[in-house]
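Only this structure's heavy atoms are used, side chains among them; waters, hydrogens and symmetry mates stay out.
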Amino acid sequence: MEQEFFDFLQSSSNLQTFNYGNNSKIMVSKVSYNDKVDILYSLRSYSGELFNLDSPFKYSGIYDKENNKLFDLEYNIRCDILNWDYGDERLIDSSQLYEMISDDVNDKIRELVNDSKDEIFDLKDAELGDELTDNDVIHDFMDGYTSSTFEDNYVEYSASKPKDILDYLTNKKDFIEEDARDFILNHQSEILKGLTISREKRKALKRIEDDENHLYHKIKAIRNSVKDKNYVTINLTINKDGIEQTFKYNAASLVSSYNSKLSCYNIEKVSDRDKFEENFGRWSDFEYRDITKITYGKNTIYEDENFKNMDLEEENVPTR
């Protein structure tokens, strides 16, 4: 029945009934939105009688006449007439269309902003008020962004109106260009704020990059030694307040935390938690800076070189 349905779509007829199952039928109506797009409506019946005062025509999809494609199909057309499986790649619903539109328009916005940034926005004199701290970029730094790779981030366009879909399918290029320019014009202050924040984030990232002893470098090295592995627990050695202790620690908790403080409750063994409490106090936690070594099995997967070198220096101090 798929070919019959597409023959109807390509024909001059605006109405056709399709039979399926034992006694079911569906009447499909085409309403022209313009020369390129039709809107589909349908009326279905499981009894064989289409005239039913309680069953009006309902919106059932969009037909792209120019490219002979269907979008946002309702269930009966998809399943009973076309016999397309739910995962068929030809099926594109409204949520996917909105996502496609948003991506295309945002790509155009980024292109226009990058090409005319200095002409549209007064970035040189733009200020945030409060300076960003290193903590404002910790997630970016841990995710691998640098001052040279961090891109501008600002408010984004989001398609949401049915007319967006119809106009996008009618003339994709013109729609994207027009909506992108309108969005920039109507959101200049929000985009400028985003550009300013991005500029300040790059400065903060540069400060961290230039400071080899910045704690974030250690945190990142520790997290990278554990993440994307299949470790359930690892062995942590810490040196806190001059006291050293080694214990098994939950690996996921070490990776998921971005805070400097790490909870002793993720120490696996109760006896080790009791020892931790004895060493450092009942309500104490520890920090990434306290970690000196991480092992998994017999393998050392992280070691603080500064602490290691300090130990070696102490061992080599001559005695009298």
>> Treating Thr146 as the side-chain partner and Thr149 as the backbone partner, does any N or O pair qualify as donor plus acceptor under 3.5 Å?
In response: yes
>> Contact between Tyr231 and Ile234 at the side-chain level, heavy atoms closer than 4.5 Å - yes or no?
In response: yes
>> Run Ile26 and Glu74 through side-chain contact (heavy atoms from CB on, under 4.5 Å) and show every step you take.
In response: CA-CA 12 Å; Ile26 181 168; Glu74 67 95 25; 3.6 Å; yes
>> Are more than 12 heavy atoms, taken from residues, nucleotides or ligands other than Glu2, located less than 6.0 Å from that residue's CD atom?
In response: yes
> Taking it one step at a time, do Lys108 and Glu111 satisfy salt bridge (Lys or Arg N to Asp or Glu O under 4.0 Å)?
Replying inline: CA-CA 5 Å; Lys108 190 63 179 181; Glu111 176 189 324; 3.2 Å; yes
> Does the ring center of Phe5 lie less than 6.0 Å from the ring center of Phe18?
Replying inline: yes
> How far apart are the C-alpha atoms of Tyr75 and Asp80, what are their side-chain angles, what is the distance that settles it, and do they pass the side-chain hydrogen bond (donor to acceptor under 3.5 Å, both in side chains) test?
Replying inline: CA-CA 8 Å; Tyr75 175 81; Asp80 298 317; 5.3 Å; no
> Does the side-chain hydrogen bond (donor to acceptor under 3.5 Å, both in side chains) test come out yes or no for Asn106 and Asp103, once each step is laid out?
Replying inline: CA-CA 5 Å; Asn106 280 315; Asp103 288 344; 5.4 Å; no
>> Using only atom types and a distance under 3.5 Å, with no angle test, would you say the side chain of Asn67 pairs donor to acceptor with the backbone of Lys69?
In response: no
> Under 4.5 Å between any side-chain heavy atoms of Arg223 and Leu254, yes or no?
Replying inline: no
> Do Tyr33 and Tyr63 have ring centres separated by under 6.0 Å?
Replying inline: no
>> Any heavy-atom pair between the side chains of Ile92 and Asp72 that's under 4.5 Å?
In response: no
>> With a sphere of 6.0 Å drawn around NZ of Lys227, does it hold more than 12 non-hydrogen atoms of other residues, nucleotides or ligands?
In response: yes
> What do the steps show when you test Thr133 against Asp136 for side-chain hydrogen bond (donor to acceptor under 3.5 Å, both in side chains), and what is the final call?
Replying inline: CA-CA 5 Å; Thr133 66; Asp136 291 311; 3.3 Å; yes
>> I need the His187 NE2 to Lys193 NZ distance, nearest 0.5 Å.
In response: 13.5 Å
>> Could you tell me if the side chain of Met142 sits less than 4.5 Å from the side chain of Tyr216, heavy atoms only?
In response: yes
> Does the side chain of Leu70 come within less than 4.5 Å of Ile77's, by heavy atoms?
Replying inline: no
>> I'd like to know whether CG of Asn68 has more than 12 heavy-atom contacts from other residues, nucleotides or ligands below 6.0 angstrom.
In response: yes
>> Test salt bridge (Lys or Arg N to Asp or Glu O under 4.0 Å) on Arg202 and Glu151; report intermediate values, then the result.
In response: CA-CA 9 Å; Arg202 281 189 285 270; Glu151 296 182 351; over 6 Å; no
> If every non-hydrogen atom of Ile267 is compared with every non-hydrogen atom of Arg273, which pair is closest and at what distance?
Replying inline: O-NH1, 2.6 Å
>> As an exercise, state the distance from OG of Ser284 to CD of Glu278, rounded to the nearest 0.5 Å.
In response: 12.5 Å
> If only atom types and distance count, is the side chain of Lys293 paired as donor or acceptor with the main-chain N or O of Thr237 below 3.5 Å?
Replying inline: no
> Between Ser116 (side chain) and Val113 (backbone), is there a donor-acceptor pair under 3.5 Å?
Replying inline: no
>> Run the salt bridge (Lys or Arg N to Asp or Glu O under 4.0 Å) test on Asp272 and Lys248 for me, step by step, so that the C-alpha distance in whole Å, both residues' side-chain angles and the decisive distance to 0.1 Å come before the verdict.
In response: CA-CA 8 Å; Asp272 285 338; Lys248 286 188 179 297; over 6 Å; no
> Side chain of Ser102, backbone of Glu99: donor and acceptor closer than 3.5 Å?
Replying inline: no
>> Looking at every non-hydrogen atom in both residues, tell me the closest pair between Asn250 and Ala252 and how far apart they are.
In response: OD1-N, 3.2 Å
> If only atom types and distance count, is the side chain of Ser32 paired as donor or acceptor with the main-chain N or O of Asn34 below 3.5 Å?
Replying inline: yes
> Side chain of His217, backbone of Asp211: donor and acceptor closer than 3.5 Å?
Replying inline: yes
> Looking at side-chain heavy atoms only, is the closest gap between Asp290 and Glu244 below 4.5 Å?
Replying inline: no
>> Less than 4.5 Å apart, side chain to side chain, heavy atoms only: is that true for Asp38 and Lys65?
In response: yes
> Roughly how far, to the nearest 0.5 Å, is the NZ atom of Lys161 from the CG atom of Leu166?
Replying inline: 12.0 Å
> What pair of heavy atoms forms the shortest contact from Asp85 to Leu91, and how long is it?
Replying inline: O-CD1, 3.1 Å
>> Are Tyr249 and Phe286, when compared by the centres of their aromatic rings, separated by less than 6.0 Å?
In response: yes
>> For the NZ atom of Lys25 and the CG atom of Leu43, what is their distance to the nearest 0.5 Å?
In response: 11.0 Å
>> Assess the residue pair Ser160 and Ser158 against the criterion (side-chain hydrogen bond (donor to acceptor under 3.5 Å, both in side chains)); give the C-alpha distance rounded to whole Å, side-chain angles, the decisive distance to 0.1 Å, and a yes or no.
In response: CA-CA 6 Å; Ser160 60; Ser158 179; 5.9 Å; no
>> Quick check for you: to the nearest 0.5 Å, what is the distance between Arg110 atom CZ and Glu156 atom CD?
In response: 7.0 Å
> Taking the inter-plane angle between the rings of Phe6 and Trp84 on a 0 to 90° scale, is it parallel (under 30°), tilted (30 to 60°) or perpendicular (over 60°)?
Replying inline: tilted
> Shortest non-hydrogen contact from Tyr41 to Phe57?
Replying inline: C-CD2, 4.0 Å
> Measuring from Lys201:NZ to Phe150:CZ, what's the distance to the nearest 0.5 Å?
Replying inline: 4.5 Å
>> Does the Lys NZ or Arg CZ of Arg282 fall within the cation-pi geometry relative to Phe276 - under 6.0 Å from the ring centre and within 45° of the axis?
In response: no
>> Counting only heavy atoms from other residues, nucleotides and ligands, does the tally under 6.0 Å from CD of Gln96 exceed 12?
In response: yes
>> Main chain of Ser13, side chain of Lys30: is a donor-acceptor contact present, judged purely on distance under 3.5 Å?
In response: yes
>> Working note: Leu73 + Leu82, criterion side-chain contact (heavy atoms from CB on, under 4.5 Å); need CA distance, chi angles, decisive distance, verdict.
In response: CA-CA 10 Å; Leu73 289 175; Leu82 297 174; 3.6 Å; yes
>> Pair Arg181, Glu177 - check salt bridge (Lys or Arg N to Asp or Glu O under 4.0 Å), show working.
In response: CA-CA 6 Å; Arg181 291 187 180 278; Glu177 181 81 25; 2.6 Å; yes
>> Give me the atom names and distance for the closest heavy-atom approach of Leu112 to Ile184.
In response: CB-CD1, 3.7 Å
>> With a 4.0 Å cut-off on N to O distance, would you call Lys172 and Asp104 a salt bridge?
In response: yes
> What is the minimum heavy-atom distance between Ser147 and Leu205, and which atoms define it?
Replying inline: N-CB, 3.9 Å
> Distance-only, no hydrogens or angles: does the Lys240 side chain make a donor-acceptor pair with backbone N or O of Glu287 under 3.5 Å?
Replying inline: no
> So if you build clusters from Ile, Leu, Val, Met, Phe, Trp, Tyr with side-chain heavy-atom gaps below 4.5 Å, do Val232 and Ile301 land together?
Replying inline: no
> So do Tyr154 and Ser198 actually touch side chain to side chain, heavy atoms under 4.5 Å?
Replying inline: no
>> Here's a test for you: under side chain to side chain contact (heavy atoms under 4.5 Å, CB included), which of Ile138, Val137, Asp143 qualifies with Asp140?
In response: Val137
>> Looking at Lys229, I want to see if its NZ is surrounded by more than 12 non-hydrogen atoms of other residues, nucleotides or ligands under 6.0 Å.
In response: yes
> Taking the six-membered ring of Phe141 as reference, does the NZ or CZ atom of Lys220 fall below 6.0 Å from its centre and within a 45° cone about the axis?
Replying inline: yes
